[in-house]
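Values below: every heavy atom of this structure, side chains too, minus hydrogens, waters and symmetry copies. Reminder, nothing fancy here: chain letters follow the sequence lines and each chain counts from 1.
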Amino acid sequence: MFKEHTLNTTEIIDLIQKNTQIEVKASENSYDASIIVEPKDVLPVMKFLKLSRDLSFKVLSSHTAVHDGEDFKLFWNLLSYEHNLETTIESSVPVVSPQIQSVCKVWKAADWLERESYDLFGIQYIDHPDLRRIMLPEDWIGFPLRKDYQSPEGYQDIENSRSEIDKRFKP
Amino acid sequence: MTSELKTEHITINMGPQHPSTHGVIRFVIKTDGEIIHECDPDVGYLHRGIEKIAESVTWQGFVPFTDRVDYLASMNANWAYCMAVEEMLGTEVPERAEYIRVIAGELNRISSHLVAIGAADMDMGAITPFVQLLREREYINDLLEMICGARLTYNYYSIGGVNYDLPEGFSIKVMGFLDHFEVAVEQMHRLVTYNQIFINRFANVAAVSPEMAMDYNFVGPNLRGSGVKYDVRRNKPYSIYDKLDFEIPIGTASVGTLGDCYDRYFVRVEEIRESVKILRQCLQQIPEGEIQAKVKNAIKPPVGHKYIRTETPRGDTGYFIYSDGKTSPSRLKIRTGSFTGMSIIPELARNIFIADLVAVIGSLDIVAPELDR
Amino acid sequence: MNAYFNNIKNGIQTVFEGMSISLASFFVHPITIQYPEDDISSAEKLKETYKGQLGPMPENYRGILDVDLSICTACQLCVKACPIDCIVIDAVKCDKSKVQGTKSEKPAVKTRTCTRFDIHMGKCMFCALCTLACPTGAIVHTKVFEMNKYQLQDLVLSFVSEEEKEKAIKRDSELKVEAAAEKAAKAAKEAEKTEEEK
Amino acid sequence: MNLLTDTLGMTEFWANVVIMLIVCTIVFAVFALMSGITSWAERRIAGRMQSRYGCNRVGPQGILQFVADAVKLILKEDLIPDGADRFLYKITPYLCLMGVLATLVVLPLGSRAMMVADLNVGVLYFISITSIVVIGILMAGWSSNNKWSLLGGMRSAAQIVSYEIPVAMSLLTPILIAGSLSVGDLLDSQGWLPWEWTAFQTPFSALAFFVFFIGSLAEGNRTPFDLPEAESELVSGFNTEYSGFRFAVFFMAEYGNVFLIGLSTTALFLGGPNLPGFLQGNPFLSVAVMMLKTIFIMFVVIWLRWTLPRFRIDQLMDLSWKYLLPCALIAFFGQSVFMLVAHQIPAITQITSIVVFIVFLLIMIKFIGRIRTNYKEQSIPVGLN
């Protein structure tokens with residue numbers, strides 16, 4: 001079931017560019033090699049990655065965002081059990097208007113992963129079937145995993161303050 | 001029944017406090033009598049913001065928090081995180097430490113599967129096997145307590161090795177325990193796993209096809225229950241797993257359809273047997289030597305991102321770490337098996353009985369803190 | 001039809017097998033430790049009652065924390081290692097052996113003394129990172145695990161008493177005065193020297 | 001009776017009333033005590049089957065635990081949920097208890113003379129009166145204004161109504177043997193030796209015994225048929241909302257049901273209080289024999305509970321309609337044919353019963369062998385210390 005030779009990132013990039021005519025490039029990163037895709041091209045590239053015979057990335061292992069300066073970097077970690085392949089797709093959207101195409105149609109696993117990053121980062125996924133908060137309550141204000149997030153004074157009746165003992169313990 | 005008879009769906013809250021939701025999870029179910037029409041899982045009751053905490057603690061200081069991600073398999077969670085940081089730093093872990101890690105991790109895998117199996121049994125109303133299996137787990141807790149001093153949240157693995165060496169006579173004790181354990185667990189299977197009532201409850205319920213399993217990113221025993229032979233330990237070997245001889249059990253549809261609850265359950269049963277095999281090999285092969293590589297006190301991995309996957313009891317757990325070269329991670333994302341397993345529930349819980357929903361949750365082995373993090 | 005009879009046969013067989021197992025476990029000795037009555041501190045006693053079914057309390061058991069102040073160097077490594085900041089150390093410079101008397105067999109390593117060493121056990125998560133970080137082994141996990149208190153603030157353990165704190169501060173100021181005096185003397189000497197040279 | 005009419009100068013009517021009250025009190029006291037002790041026994045047995053002790057704090061071996069529980073429950077506040085049907089909610093527990101208690105009228109605590117009333121349609125009465133419990137449980141589920149309770153009540157209704165049928169059908173076999181509907185006659189038709197009991201008379205009566213036992217487990221809402229209160233699915237089913245004394249009454253009815261299963265199985269199938277000829281009529285011995293058998297059956301019921309997983313509602317119905325009902329019918333027709341044959345060749349009755357009993361003994365010997373091996377397997381040392 002598993003092939004000996006596994007494709008590396010440059011080969012995958014070649015395949016993408018040959019078949020979809022979309023400009024993608026490899027990222028310079030000290031650890032995982034990743035493929036940088038423009039936000040508007042994410043959906044077609046993903047579709048190709050899943051449906052291509054040579055790659056068949058049928059599994060979306062993880063999807064998350066990183067708040068890095070002015071941008072949200074988005075990462076999709078894809079797996080192909082058939083070819084024992086692993087790759088990372090990277091894209092970035094500006095913090096001021098974080099909008100990107102949802103990949104729910106490609107992988108159903110994206111549903112909850114996108115809901116989570118909507119919940120915690122406030123990234124808007126276009127065409128997501130059910131985009132609402134998942135971890136936090138519906139009436140929560142703000143997106144906690146953004147770097148500029150200030151924890152609220154309280155939520156409903158619950159006050160968010162340090163106890164007297166804590167204050168005495170560590171002023 | 002005539003078609004004019006007007007019926008109404010009942011909306012029921014299953015949870016957050018419910019005996020079979022395995023923690024604080026809420027399911028809003030719409031039922032027509034006993035048959036579920038719609039099920040909407042509402043998660044997040046145990047969201048503790050561990051990913052946010054990671055942004056404010058040191059790289060080493062985050063290890064105890066990984067314990068709390070999945071309290072049933074703290075060792076494996078430690079392992080995944082430590083491995084990710086080691087790969088980022090390029091640290092070589094000493095061989096003895098790797099063996100110890102495998103021993104502790106597999107013991108922990110057994111104990112986690114025991115709870116998974118036992119809880120599934122208890123959801124089906126068989127309470128005795130649950131308690132008996134927890135008794136076996138208690139022995140494992142005793143063993144793990146011997147090596148690290150804690151029973152649940154171990155914090156045993158450190159970046160670059162393990163914190164303590166094995167105590168004297170540990171392998172003899174583990175061997176003695178395994179001799180007892182294999183027989184005792186086999187007996188519990190005769191008590192419940194092979195029981196016809198139990199099989200009827202689990203077989204043919206909520207079958208997940210291999211395609212669907214991959215689409216929903218099922219991992220670990222759930223994925224293998226659907227017949228996909230993928231195990232990170234074998235397909236992307238880490239640590240010393242490439243030196244060890246063990247099988248990857250997959251669902252065989254022995255009593256029902258492929259990927260039904262019984263298959264998922266039975267893969268765990270088989271995995272316990274494989275873990276026992278691994279443990280015996282490790283205890284025979286374990287070399288002498290160092291247990292901790294030299295790691296600086298204040299580590300600052302260079303800028304970049306790393307995604308690492310390890311096979312924990314609840315499947316392939318992914319740690320995505322983004323470092324900006326500071327003393328704490330800039331972003332740490334934990335993608336857990338329960339999370340992806342849970343997202344399939346709205347699809348599976350259609351036109352099944354309420355009692356089947358309990359079976360589905362039990363067979364998916366969902367741990368609420370891991371789901372919410 | 002075959003399935004029908006198979007179902008009956010398997011049903012009866014497995015139910016009987018199950019019943020034989022549960023009755024067998026009926027005769028096995030329970031493994032419950034009736035905690036306050038059963039002595040769990042000694043391995044021998046446990047062995048007697050439970051015939052090897054229970055492991056003894058291990059040597060590196062992680063109970064509540066204890067600090068041996070006589071060998072503590074107030075280096076703050078445990079404070080830095082603690083991921084939840086439940087340790088607070090204030091220290092002053094002074095020679096320790098004089099403040100604490102000569103009880104300790106080991107000599108004071110450095111001339112720093114804690115004026116406050118507090119651990120909030122209510123927050124502590126027993127991760128042992130502080131004990132691993134400690135270079136002298138001053139902070140250790142004990143085998144004590146019972147710590148019921150009526151109030152949350154009682155869970156804050158203070159290892160330095162008020163007296164010791166005052167002593168240390170006093171000694172510190174004394175030392176400061178001495179040092180200042182020494183300095184002054186030195187300065188005076190040097191001034192003399194320079195004057196002489198002149 | 002004479003004592004009351006002569007010395008106290010009562011009319012016969014009032015004397016009857018007084019005697020009835022006394023008998024009822026005795027039966028109720030025995031019933032309450034038995035259900036209390038059963039709840040204690042269940043917890044102890046469950047404990048030992050799960051490698052723990054069970055309740056052993058109150059009194060010697062924890063025997064007084066049920067008293068403590070009762071006191072606690074009585075002292076608790078009796079909560080009635082908002083929106084509940086107050087009247088139905090209040091009377092329901094007593095209806096349940098009544099259904100269980102009324103059954104005791106036709107079941108002997110000792111010999112035939114020790115029945116409250118030896119009705120000539122005793123078996124019919126027994127079958128019909130046990131159905132009252134359904135109404136109680138259904139009403140409890142409905143009046144609590146709780147969806148889980150409602151589901152529990154509905155399950156219970158479906159379950160008990162469908163298990164009535166195989167139970168009633170299976171009782172036809174002993175009725176055929178005795179040729180009477182009176183429980184007293186049923187007792188008399190059985191001897192004191194095991195192969196003279198109805199259960200081992202013929203293969204068909206053994207089958208009927210089997211069906212009756214399973215059916216009565218289902219009617220008593222015991223595992224593996226405890227769907228109305230399935231704690232992992234319906235939290236606690238029909239009695240979720242009940243607290244305080246009303247819950248205690250439900251509790252008593254539940255454990256009383258276990259007692260009832262034991263009592264009815266013993267009386268109808270396991271030879272009741274019958275003793276060898278020269279001891280016949282000894283009241284103490286007959287009570288002892290009756291109770292011994294009842295307690296054994298109760299132990300089996302508890303033992304089953306801590307062994308088996310629970311059925312699903314559709315499988316429960318399958319078991320009733322597809323498995324038990326055909327079995328009961330086969331038992332009935334088989335017994336009829338057998339009795340026709342036995343009418344021609346009288347010796348066959350004796351031989352069959354002994355053969356059936358020997359087969360039963362062989363099964364038991366194998367079973368005990370399994371218990372021994374399993375015990376040995378469980379005793380393998382762990383060697384942690």
So does [X] have more than 12 non-hydrogen atoms from other groups sitting under 6.0 Å from [atom1]?
X      : atom1 : answer
B:R280 : CZ    : yes
D:F367 : CZ    : yes
D:R52  : CZ    : yes
B:I172 : CD1   : no
D:W303 : CH2   : yes
B:E38  : CD    : no

Part of [X] within contact of chain D (heavy atom distance under 4.5 Å):
X      : answer
B:F198 : both
B:L143 : side chain
B:V185 : neither
B:A355 : both
B:D121 : neither

Any donor-acceptor pair under 3.5 Å linking the side-chain atoms of D:Q378 with those of B:Q187? yes

Would you check, one step at a time, whether the test side chain to side chain contact (heavy atoms under 4.5 Å, CB included) holds for B:K173 with D:V382? CA-CA 8 Å; B:K173 279 176 184 169; D:V382 188; over 6 Å; no

Under 3.5 Å: donor-acceptor pair, side chain of [X], backbone of [Y]:
X      : Y      : value
B:R201 : D:R310 : yes
D:Q315 : B:N200 : yes
D:K147 : B:I10  : no

Side chain / backbone / both / neither for D:E377 at chain B, heavy atoms under 4.5 Å: both

So, taking the atom named [atom1] in [X] and the one named [atom2] in [Y], what distance separates them when rounded to the nearest 0.5 Å?
X      : Y      : atom1 : atom2 : result
B:Q196 : D:L308 : CD    : CG    : 12.0 Å
B:H180 : D:S379 : NE2   : OG    : 9.5 Å
D:R312 : B:I352 : CZ    : CD1   : 9.0 Å

Can you tell if the side chain of D:P309 reaches within under 4.5 Å of the side chain of B:N195, non-hydrogen atoms only? yes

Show the nearest heavy-atom pair for residues B:M14 and D:W148, with the distance to one decimal. CA-CZ2, 3.9 Å

Minimum-distance pair of heavy atoms, taken over all atoms of B:T128 and D:M49: CG2-O, 3.4 Å

Between chain B and each of D:L150, D:D314, D:T307, count heavy-atom pairs under 4.5 Å; write down the option with the most. D:D314

Heavy-atom pairs under 4.5 Å with chain B, option from D:I313, D:N374, D:L151 with the top count: D:N374

So, are D:R155 and B:E34 salt-bridged, with charged N and O less than 4.0 Å apart? yes

